[in-house]
Amino acid sequence: MRRIAIIFLGPPGAGKGTQARMLGESLKYPRISTGDMLREAIRRNTAMGRKAQRFMEAGDLVPDGLVDAIVKDRLSRKDCGSGFILDGYPRTLRQVEYLDTLFENGPIKIVALGIKVRNEVLTERLAARWTCSNCGKIFNAESTPGIEKKRCDECKGPLVHRKDDSAQVVEERLKVYHEATEPLIDYYRKRGCYREIDGEQTVQDIHGTLKRIIKALKQPEHAVIR
Ligand code: AMP
């Protein structure tokens, strides 16, 4: 079985984090979220966290070199041997090029999963989104009454409404997504490894669709992408 690289693409609020987490659990692949790793670095006040903070608070992308280094280090770990899920990386064509160089060592199947959601739905979702400050699990204020006082049902970490989920920063993040990240769809589509999913279905329906896509990809007769 070839190593599988699953790349989640989609705007903030599309459900990448939730779906990447669920898929990771069902496939037993690690989920690698650059956003979570950067937030952890900020919390621990590391040199990298200090460099990333102002970009993240403004809703801008942090410099490519910073995230490239985190991803390189994370992908070299043993648990990524048979497959892994990238949530939030790559986000620029430059990062795609860098990621490709990390895949040069051995055979790998790449699949880019694009989650499509309309802008107005994204804005509403992000306004109601709360995140576990410890493990990154996502919650919705509308379906969780009294969310301010709740803790994560998995790790008991405190829930926060991310600063960059405020209306003003969200506007910038969506702009950045459309300008810098959306072109990646075309790139992966041309390589024949892009699959698009309607992100306005239920969480479980999307998960079911994603599992079917990955199952088909694991069939031996499926063309090897790289
Ligand atoms: P996320 O949790 O994926 O929404 O990421 C939160 C923020 O972290 C983004 O708005 C960026 O500032 C930064 N970030 C995460 N991943 C990347 C990346 N691949 N490239 C540049 N910045 C990133």
Side-chain angles (χ1 to χ4, degrees), residues 5-21 23-24 30-44 46 48-75 84-103 110 112-115 117 119 122-123 125-140 152 157 159-185 187-188 199:
I6 301 173
I7 296 168
F8 270 90
L9 291 177
K16 298 186 299 296
T18 301
Q19 293 298 335
R21 186 177 288 272
L23 199 58
R31 162 185 167 259
I32 299 167
S33 157
T34 41
D36 281 359
M37 289 191 281
L38 290 167
R39 278 183 290 276
E40 172 66 14
I42 292 175
R43 226 178 359 256
R44 292 187 7 234
T46 64
M48 184 176 68
R50 286 193 295 275
K51 275 187 205 147
Q53 190 163 15
R54 66 189 165 93
F55 296 100
M56 292 175 74
E57 285 179 355
D60 292 329
L61 295 180
V62 309
D64 289 331
L66 215 62
V67 272
D68 290 348
I70 316 181
V71 170
K72 179 179 186 207
D73 177 61
R74 185 65 189 82
L75 291 187
F84 51 87
I85 299 178
L86 288 171
D87 169 10
Y89 183 94
R91 259 173 151 109
T92 63
L93 285 167
R94 246 282 295 114
Q95 292 176 16
V96 170
E97 276 171 29
Y98 181 76
L99 184 63
D100 282 342
T101 68
L102 300 182
F103 293 161
I110 303 169
L113 302 171
I115 310 190
V117 176
N119 263 5
L122 296 170
T123 325
R125 278 190 192 173
L126 291 169
R129 175 162 92 170
W130 283 61
T131 308
C132 171
S133 58
N134 181 48
C135 74
K137 186 170 174 182
I138 289 153
F139 297 80
N140 183 289
C152 177
L159 306 186
V160 293
H161 182 60
R162 273 169 49 181
K163 271 193 207 157
D164 62 344
D165 281 347
S166 68
Q168 205 184 357
V169 183
V170 162
E171 201 180 311
E172 175 65 14
R173 288 166 70 204
L174 288 173
K175 187 167 149 261
V176 168
Y177 170 77
H178 292 300
E179 284 173 11
T181 310
E182 218 165 35
L184 274 56
I185 294 179
Y187 174 86
Y188 286 114

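First listed ligand is number 1; within each ligand, the first listed atom is number 1.
Not one N or O of D36 is nearer than 3.5 Å to an N or O of ligand 1, by distance alone. Where the criterion is an N or O separation shorter than 3.5 Å, residue side chain and backbone included, R173 meets it with respect to ligand 1. The shortest N/O to N/O separation between V62 and ligand 1 falls below 3.5 Å. By the 3.5 Å distance cut-off applied to N or O atoms, G88 is counted among the residues near ligand 1. Note: an N/O pair closer than 3.5 Å links Q95 and ligand 1 by distance alone. Residue Y89 places no N or O, backbone or side chain, under 3.5 Å from any N or O of ligand 1.
Under 4.0 Å is where a charged nitrogen must lie from a carboxylate oxygen, and between K175 and E171 no such pair does.
Between L122 and V170 there is no side-chain heavy-atom pair separated by less than 4.5 Å. Looking only at side-chain heavy atoms (C-beta outward), Y177 and P12 come within less than 4.5 Å of each other.
Residue contacts with ligand 1 for L38 involve side-chain atoms from C-beta outward but no N, CA, C or O (heavy atoms, distance under 4.0 Å). Proximity of R54 to ligand 1, defined as any heavy-atom pair under 4.0 Å, is not found for any part of the residue. Only the backbone of D60 comes within contact range of ligand 1, with a heavy atom under 4.0 Å; no side-chain atom does. Contacts between L61 and ligand 1 below 4.0 angstrom, taking non-hydrogen atoms only, involve backbone and side chain alike. Neither the backbone nor the side chain of K16 has a heavy atom within less than 4.0 Å of ligand 1.
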Start with the C-alpha distance between T131 and L159, add both sets of side-chain angles, then the distance that settles side chain to side chain contact (heavy atoms under 4.5 Å, CB included), and finish with yes or no. CA-CA 5 Å; T131 308; L159 306 186; over 6 Å; no
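A donor-acceptor pair is defined here as one N or O able to donate and one able to accept, closer than 3.5 Å; no such pair exists between the side chain of R39 and the backbone of R162. Proximity of a side-chain donor or acceptor of R125 to a complementary backbone N or O of A14 within less than 3.5 Å is detected. In this structure a side-chain-to-backbone donor-acceptor pair under 3.5 Å is present from K16 to P11.
Within ligand 1, counting atoms from 1 as listed, the ones closer than 4.0 Å to a heavy atom of R162 are 1 (P), 2 (O), 4 (O), 6 (C). Proximity to T34 (heavy-atom distance under 4.0 Å) selects the following atoms of ligand 1: 15 (C), 16 (N), 17 (C), 19 (N).
In terms of protein heavy atoms, atom 9 (C) of ligand 1 is closest to R91 NH2, 3.9 Å. When hydrogens are left out, the protein atom nearest atom 8 (O) of ligand 1 is M56 CE, 3.3 Å; that is the closest non-hydrogen contact.
For the side-chain contact (heavy atoms from CB on, under 4.5 Å) test, residues two or more places apart in sequence or in another chain that qualify with E57 are Q53, K163.
No more than 12 heavy atoms of other residues, nucleotides or ligands sit less than 6.0 Å from atom NZ of K51.
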Which pairs would a plain distance check flag for residues 58-68, meaning a side-chain donor or acceptor within less than 3.5 Å of a matching protein atom at least two apart in sequence or in another chain?
from	atom 1	to	atom 2	distance (Å)
D64	OD1	T92	OG1	3.1
D64	OD1	Q95	NE2	2.8
D68	OD1	Y89	OH	2.6
D68	OD2	R94	NH2	2.8

